[in-house]
Amino acid sequence: MRIESYVPPFALPYPSHVLISCPLTLTLLFSTPNYPFSIHPHPVPLPSLNNFSPLTMLPCVFWLQLVLILLSRGENCPVTCLCPDPHTVDCSGRGLTRLPDEIPLDVRRLLLADNWIPRIPSDFLVLYSDLVYLDLRNNSLSHIEPGTLSTTSRLVFLDLGSNNLTEIPKGTFGESRSLIKLRLGNNPYLSMVNEEAFLGLTSLRELELERNALSTLKVGALSQLPSLRVVRLEGNPWVCNCNFASLFAWLMENSHKLPNGK
Ligand SMILES: *[C@@H]1O[C@H](CO)[C@@H](O)[C@H](O)[C@H]1NC(C)=O
Ligand SMILES: *[C@@H]1O[C@H](CO)[C@@H](O)[C@H](O)[C@H]1NC(C)=O
């Protein structure tokens, strides 16, 4: 078996290529961390044609598979995750109880849904400053540390739905100007949203707060959002007091922003 770096005679959209050949039959041309691999016929005839036996092939195929398993982890892809393209890390539904190690620093889409992650460090988005899409749906987050998001964050989409958040304090989202869609629904203990929770989210178009434990919401929390087009509030145990009256009035005026008229 030969393993060598291989520069293909044609352009492939991947950074690195490796050629693995077993006697006679298999050449695998693949790139890391992209897979599946493509299998090509061997490009040069081998002299050992007479000695060919399926048995001699077996160890080679075994080693080839082993090398593939090792290499398919990629230089950058966390061991338990998939990296379907150079900017996406998909660790959804892996039973993770914390953030995986070795997430490439230039990740743009990070999918962490359906795990048991209880917290994200406050410097996470400083470190992963290229992140535009962060899916933390259905984890065990109970709060977002202040300063996690900032004005410089590039995050466009943030899904914190189906977690265990209890309140959204003032400045949680750090005047993050890129944020367009924020999902906060299905947090069954989320009963407090500060009037200035979303302050500075000047690009926010879609805000989901459905099926939380909100009995009240200051109208200012919504009316301060200049780009808001869609807001979901259904499935909360609203209490009809003065606060609610002003929220209700705002909702009537802005009923076009409510997806299902609730
Ligand atoms: C939430 O994540 C858990 C753990 O991975 C999974 O078993 C469950 O089906 C997920 N729930 C939903 C609604 O996707
Ligand atoms: C969610 O939060 C509630 C109330 O703070 C707590 O009782 C519960 O144990 C938490 N559940 C999980 C899965 O962390």
Side-chain angles (χ1 to χ4, degrees), residues 33 72-74 77-85 87-104 107-125 128 131-149 155-174 179-198 206-218 221 230-239 243-244 258-260 262:
S72 66
R73 291 176 171 189
C77 199
V79 178
T80 47
C81 308
L82 297 173
C83 298
D85 67 64
H87 298 295
T88 302
V89 176
D90 182 358
C91 313
S92 307
R94 303 280 155 157
L96 300 176
T97 53
R98 60 185 183 89
L99 290 166
D101 296 324
E102 300 154 15
I103 301 170
V107 64
R108 290 187 202 156
R109 275 167 53 91
L110 181 55
L111 313 178
L112 292 163
D114 304 331
N115 284 296
W116 309 101
I117 297 168
R119 66 179 286 271
I120 31 176
S122 59
D123 60 357
F124 186 73
L125 287 169
Y128 296 98
L131 259 187
V132 293
Y133 188 106
L134 178 56
D135 184 357
L136 279 159
R137 189 168 194 80
N138 189 21
N139 274 279
S140 312
L141 298 170
S142 57
H143 73 289
I144 302 298
E145 286 173 35
T148 305
L149 278 87
L155 213 56
V156 168
F157 174 95
L158 178 59
D159 194 340
L160 298 170
S162 301
N163 273 279
N164 208 19
L165 301 175
T166 54
E167 68 171 312
I168 310 294
K170 177 181 174 179
T172 301
F173 302 102
L179 204 60
I180 289 178
K181 183 160 183 171
L182 178 57
R183 308 184 80 171
L184 291 166
N186 295 291
N187 279 276
Y189 300 94
L190 178 50
S191 58
M192 301 222 290
V193 172
N194 187 281
E195 184 166 16
E196 298 186 0
F198 309 120
E206 291 187 45
L207 175 61
E208 296 187 357
L209 286 165
E210 81 283 8
R211 283 185 281 283
N212 291 323
L214 296 172
S215 58
T216 178
L217 179 67
K218 290 271 180 62
V230 179
V231 55
R232 292 188 60 177
L233 295 169
E234 76 274 15
N236 281 288
W238 300 113
V239 171
N243 263 337
F244 186 77
L258 302 174
N260 41 15
K262 288 186 192 151

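Count residues from 1 along the sequence. Start at 1 and go down the list; that is how both ligands and their atoms are numbered.
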message = Could you walk me through whether N236 and N212 satisfy the side-chain hydrogen bond (donor to acceptor under 3.5 Å, both in side chains) test, starting with their C-alpha distance in whole Å, then the side-chain angles of each, then the deciding distance to 0.1 Å, before giving a yes or no?
response = CA-CA 5 Å; N236 281 288; N212 291 323; 4.7 Å; no

task = Do me a favour and list the nearest non-hydrogen protein atom to atom 5 (O) of ligand 2 with residue, atom name and distance?
result = T166 CG2, 4.1 Å

request  = Count the heavy atoms of every other residue, nucleotide or ligand shown that sit under 6.0 Å from CZ of R94, and state whether that count exceeds 12.
outcome  = yes

query = Rounded to the nearest 0.5 Å, what separation is found between the CG atom of D159 and the CD atom of E208?
reply = 7.5 Å

query = N/O of N164 under 3.5 Å from N/O of ligand 2, yes or no?
reply = yes

message = Within this structure, what is the CG-CD distance for the pair L184 and E210, rounded to the nearest 0.5 Å?
response = 9.0 Å

ask   = Right, does atom 14 (O) of ligand 1 have protein non-hydrogen atoms nearer than 4.0 Å?
value = yes

ask   = Among N186, N138, D114, which residue places a heavy atom closest to atom 10 (C) of ligand 1?
value = N138

task = Do me a favour and list the nearest non-hydrogen protein atom to atom 4 (C) of ligand 1 with residue, atom name and distance?
result = W116 CZ2, 3.4 Å

K218 atom NZ: more than 12 heavy-atom contacts under 6.0 Å = no

